[in-house]
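Just follow the structure's listing: the first ligand is 1, and inside any ligand the first atom is 1.
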Amino acid sequence: MTDAEPDPYAPAAQAGVHRLAIPTPFAVGRVNVYLIDDDPLTLVDAGPNSGTSFDELQRGLESLGHALEDIEMVILTHHHIDHLGLVGLVASRSGAEVAALDVAVPFAEGFTEEAQADDDFGVAVMLRYGVPEDVVSALQSVSRAFRAWGADAQVTRVLHDGDRIQLRDRALDVFHRPGHSPTDTVFLDADRRMLIAADHLLGHISSNPLLTRPRDGSTGRPRALMTYLESMRATREMEVDLVLPGHGDPVTGHRELIDERFRMHRRRAEKLHGLIAERPRTAYELAQALWGNIAVTQAYLTLSEVLGHTDILLDEGRVSETEDGGVVRFEAME
Ligand SMILES: [Zn+2]
């Protein structure tokens, strides 16, 4: 950044919300952790569980005049390991309360078992939607290795949709916004028209509607993108001027951004419809047709994208699924 460019996070900092960009080993790059300089002294997310990230978090807090031990509350935005990984360690070092939405509690408290069950679900989904076995097993190894960046965190304050977290100088209203993950939670400071949105709304990239194992015992495929679009419609109605995301720079003009996302998802659904109309294809073949040869690490993300958009087409009655030998193909109805 040069002197000529104002710090996009300056307005948040003036309101006592300080962004710390913590490194991650993932393609997404750094993750935004927020220190809310209030009473209780509050951290929103903590970064992935690694020595490097922990060091940077400590240094970042020190540069703001605080020690890690001073943290009194950690709020979790969702259960993904780049956000959750260090929460347990920060809480044990500081004695901080850990606040998380009810649906995030099992993920946070039983990270290892939950991650394994999610992987098993992912394997079954990938095979069913045409991902080759060698790609599936390679991705499994990657996923197991990445699990080292996650860790359990005991939740001491269970939040519910519609709750209010009262701090000395501000109130944060809690809203469940599933889609990117089933646990996505946003925190609204209505007085300052500021929304801590984490990965629910990112400025520089569209959030992936990651296909996640249903936790209600249902066996059907969850419709992550449909859920996400509904969540974005709810956020679009909110009166906010500044959105603080989980990665990258803050977002101003959230309605324009959300409308742009709606248009992008519509375009992508139409593109997929065109490909399916040419001939029946698996979701994996559709992903390849859209993005060419996909890196192994991206196989599940791109599959989630494709299935999200075929859900829109299925919902509109424009495609159907046919299963043959355990593998699903999409076929055009019009
Ligand atoms: Zn995430």
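No other N/O/S atom of Asp199 lies as close to the Zn ion (ligand 1) as OD2 does. Distances from the Zn ion (ligand 1) to the N/O/S atoms of His80 are shortest for ND1.
Under the 4.0 Å criterion applied to side-chain N and carboxylate O atoms, Arg170 and Asp38 are assigned as salt-bridge partners.
Among the backbone and side-chain atoms of His83, no N/O/S atom is found under 2.8 Å from the Zn ion (ligand 1). In summary, Asp82 places no N/O/S atom under 2.8 Å from the Zn ion (ligand 1), failing the contact criterion.
Considering all non-hydrogen atoms of both residues, Ile22 and Gly47 come closest at CG2-CA, 4.3 Å.
Results of the side chain to side chain contact (heavy atoms under 4.5 Å, CB included) test with Leu303 over Val125, Leu286, Leu211, Leu139 single out Val125 as the only residue that passes.
To the nearest 0.5 Å, atoms CZ (Phe187) and CG (Leu101) are separated by 7.5 Å.
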